[in-house]
Trainee: 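The structure's right below; bear with me while I get my questions together.
Labels below follow one simple rule: chain letters A, B, ... track the order of the sequence lines, proteins then strands, and each chain is numbered from 1. Note that the structure is predicted; figures quoted are calculated from it, not measured.
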Amino acid sequence: MAKRETRRLSLLLAPMIIIMGAVIGWPLIQTVLLSLTDSDLMNLTKPAFVGLTNFTKALKNQGYLDSLKVSSLFALVVVLSEMVLGTSVALLLNEPFKGRSLVRGLLILPWAVPTTVNAMMWRLIYNPEYGALNSLLFQLGIIDQYVSWIGTADKALYSVMFADIWKNFSLVAMIALAALQTLPESQIEAATIDGANGWQRFRFITLPHLIPSLQVALVLRIIETVKVFDIIYVMTRGGPANKTRSASIFVYQEAFTNSRMGSGAAYAIIMVCLIMILIAFYLKGLSKKE
Amino acid sequence: MKKGVVFVLCLLCLMPLFSGGKKESVAAGTVELRFLGMAQASYSEQNVNDMTADFMKDHPNIKVYTEFVPYEDLRNKTLLAYGSNNSYDAVLVDDIWYTEYDSKGMLRDITSEVPQEYRDGVLQGGWNFVTKGGRVVGMPWFLDAMYLFYNKTMLAKAGYNAPPKSIEEMIDMGRALKARGIVQYPFVFSLAQAEALICVYANFLEAYGGSFQDKAGNYTLDTTGVKALELLVNLKNEGLLNPNSLEYLEEDVRRVFSTADAAFTLNWAYMDALASDPAESVLKADEVGIMVLPGARGVKDFAAMSGSMGLSVLTKSKYPKEALEYILYLSSKPVQDKHSDLQLPVWTASYDDPKIRAGHEDLADAAKLAFSIMNVRPSVPDYQEVSSVFQEYIQMALYGTKNPQQALTEAVQKVKGL
């Protein structure tokens, strides 16, 4: 009976496994094979097998190592900011106030905006001649002249990060808000009766309740931010002076601008490995808790 | 059994969703061509689509599908499509890509198929960049160079009634304009980390009599190119160059110039019409001057760098004859003359045609001079990578993280190691 049930489940899962294998597994295998060759973009000549040469070159390539640093910094700042901002906004939206439903509805808007549209919008906002941000800060007396936000080496990366945080904090907020709505009111009431103040209620009741949901958001956002490409490509294309060149932009340039698909694939595989390590840590953390 | 039948029926119902659709029905015997062009101001997508519609009227057996992408994606899309066996039949090619495409065997040799009237009538400067190893591998479609645009009103306010005759005089004019409070930043250039940066730098390099490579093909910027880079760095440090230039592309500098926030800029010919278009600019036609960039004093009178593009038939085209017919039509004199509002034709005779010159006299004169002296950026198969390296190091010098000499020396070393 159990054998029959297993067979039935396997049969039901088969279409999904076939599709996943076709759209994820096969390209991944192809990329691994490609990374072991000196293949060029157009495959005009038969690619030669070069073993791990592309990988050893990658680990010695200062440009690639710098781009990994950019991706790591981007992921760290963006994800931390989104976690704090998203959780704070969720806590606010969980409180009763007039127009709450409307604000909750509006919350989804930044996340619903396509990334390229968001990037173009922020390019306009940051425009050093007529951008809204400069105008606002100038009129408030915070700056005494308009600033080139994405054209200045030390500001460009943080400006792109801010644009990404604006778009994606709402995803974290929505996940946190959904979790907050499952928090039994009785627990808060009991803590209040026991004399717990606001911070203690958040620290010992609300936050532990939120953590499993935030962990999901965390892992999703880390994966997204480590492989960030589109927002940077549209806003700065990796400039100025490569200060915003993320690892994904580097991979794109190596594979498509420099036409070296073999080494481009190797750089991409290293990124996949890094992301898999992060996921492994996450899964290990989860299994410990269980 | 019943469930199985229902399952199969469901699959059959879903099949149309996964079946490949055809673009639209075409008559039997019709040849279908795919053309990849560039989304730009001139010739615009509308211009090209109008030309294509006229071509299809004249050639009812040919159906042309046009696609347009921004300049930054044009090369990659061309290469990817070619490599994936879904090649375009005809494509637009920048002059800096011809060597690379030709080295990969992508371009059809059309030497014996170009009509004599084209060979005789098209400007020689055009044939130079579409000819590789004595073989014609494309049709010149538009010749272009970066021109110096200047605000005549601002110069007049500062007491200058004629444009600068040398780079040094141009900088003096800029200083005077700033000193008298006529404009905060007299200069604005497209110096973002992109090919536009190389184009601007290449013009100043040319003005100082330098070049990217010596006759043997060795990169020489670390010796001859420093002056040109120092010029840009000094303009920035003196407060004469709009500091936002470091994030600007051509469209950005056009807007700054068009709002009278700069006295000088470098840009392509398309800006000539837009700089005095009431919908695009606060400037009137008589306020905008255009000329070829003057050279450095005692070095040369003028300097120009090519930014031309051609049309080519790819070797993987299934219909090379029809594709050639199409690109010959697009580059024919009547078609180019008809669409000469924003882009001057490649035909010598057009430059003396009063109808074509009307309203573009200054541009036509500047173009005639530019096309006779213009130089080209390095014509090497790995140009894209070389350009990326120079972009990075030139920006480092502009940001002050390396001095010009150091930046160019390191850039040349890196390029040599590619």
Trainee: Can A:T257 and B:Q384 be counted as having a side-chain donor-acceptor contact under 3.5 angstrom?
Mentor: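 Looking only at side-chain atoms, B:Q384 and A:T257 do not form any donor-acceptor pair under 3.5 Å.
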Trainee: Run B:E385 and A:R260 through side chain to side chain contact (heavy atoms under 4.5 Å, CB included) and show every step you take.
Mentor: CA-CA 11 Å; B:E385 197 171 0; A:R260 288 193 287 263; 2.4 Å; yes
Trainee: Between the main-chain N or O of A:F256 and the side-chain N or O of B:R75, is there a donor-acceptor pair closer than 3.5 Å?
Mentor: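 At least one qualifying donor-acceptor pair exists.
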Trainee: Would you say A:N242 and B:Q193 are linked by a side-chain donor-acceptor pair, where the criterion is simply a distance under 3.5 Å?
Mentor: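 A pair is found: one side chain offers a donor N or O, the other an acceptor, under 3.5 Å apart.
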Trainee: Check whether any side-chain heavy atom of A:S148 lies under 4.5 Å from a side-chain heavy atom of B:N244, and answer yes or no.
Mentor: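 When only atoms from C-beta onward are counted, B:N244 and A:S148 do touch, with a gap below 4.5 Å.
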Trainee: Say you draw a straight line from CG of B:L249 to CZ of A:R237; how long is it, rounded to the nearest 0.5 Å?
Mentor: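 Here the rounded value is 8.5 Å.
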Trainee: Mark yes when over 12 heavy atoms from residues, nucleotides or ligands other than A:Y158 sit less than 6.0 Å from its OH; otherwise mark no.
Mentor: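 12 or below, so no.
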Trainee: As an exercise, state the distance from CZ of A:R245 to CD of B:E392, rounded to the nearest 0.5 Å.
Mentor: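 Reported to 0.5 Å precision, the distance equals 5.5 Å.
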Trainee: Any side-chain heavy atom of A:Q145 sitting closer than 4.5 Å to one from B:P243?
Mentor: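 A side-chain contact is absent here, since even the closest heavy-atom pair is not under 4.5 Å.
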Trainee: Find the distance between CG (B:D261) and OH (A:Y130) and round it off to the nearest 0.5 Å.
Mentor: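 Between atom CG of B:D261 and atom OH of A:Y130 there are 11.5 Å.
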Trainee: With no hydrogens and no angle check, just 3.5 Å: does a side-chain donor-acceptor pair link B:Y399 and A:D154?
Mentor: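 Note: B:Y399 and A:D154 side chains miss the donor-acceptor criterion.
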Trainee: Go through the atoms of B:Q391 and report whether side chain, backbone, both or neither lie under 4.5 Å from a heavy atom of chain A.
Mentor: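 No part of it gets close to chain A.
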Trainee: Please identify, among A:G239, A:A241, A:S259, the residue contributing the most non-hydrogen atom pairs under 4.5 Å to chain B.
Mentor: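 Highest number of pairs under 4.5 Å: A:A241.
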Trainee: Less than 4.5 Å apart, side chain to side chain, heavy atoms only: is that true for B:Y248 and A:E129?
Mentor: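 A side-chain contact under 4.5 Å exists here.
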Trainee: How about A:F162: does its CZ atom have over 12 heavy atoms from other parts shown lying under 6.0 Å from it?
Mentor: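 Not more than 12 within 6.0 Å, no.
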Trainee: Quick check on the interface: out of B:L246, B:N242, B:L79, who has the most heavy-atom pairs with chain A under 4.5 Å?
Mentor: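 Going by pairs under 4.5 Å, I would pick B:L79.
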Trainee: First locate atom OG1 of B:T401, then atom NZ of A:K243, and finally report the distance between them rounded to the nearest 0.5 Å.
Mentor: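 Reported value, rounded in 0.5 Å steps: 6.5 Å.
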Trainee: Sort B:S388 into side chain, backbone, both or neither according to what part of it lies under 4.5 angstrom from a heavy atom of chain A.
Mentor: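 Side chain of B:S388 only, per the 4.5 Å heavy-atom cut-off to chain A.
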Trainee: Given that the side chain runs from C-beta out, which part of A:Y146 has a heavy atom under 4.5 Å from chain B: side chain, backbone, both or neither?
Mentor: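 Neither part; nothing is under 4.5 Å.
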Trainee: Go through the atoms of B:Y393 and report whether side chain, backbone, both or neither lie under 4.5 Å from a heavy atom of chain A.
Mentor: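 Neither part.
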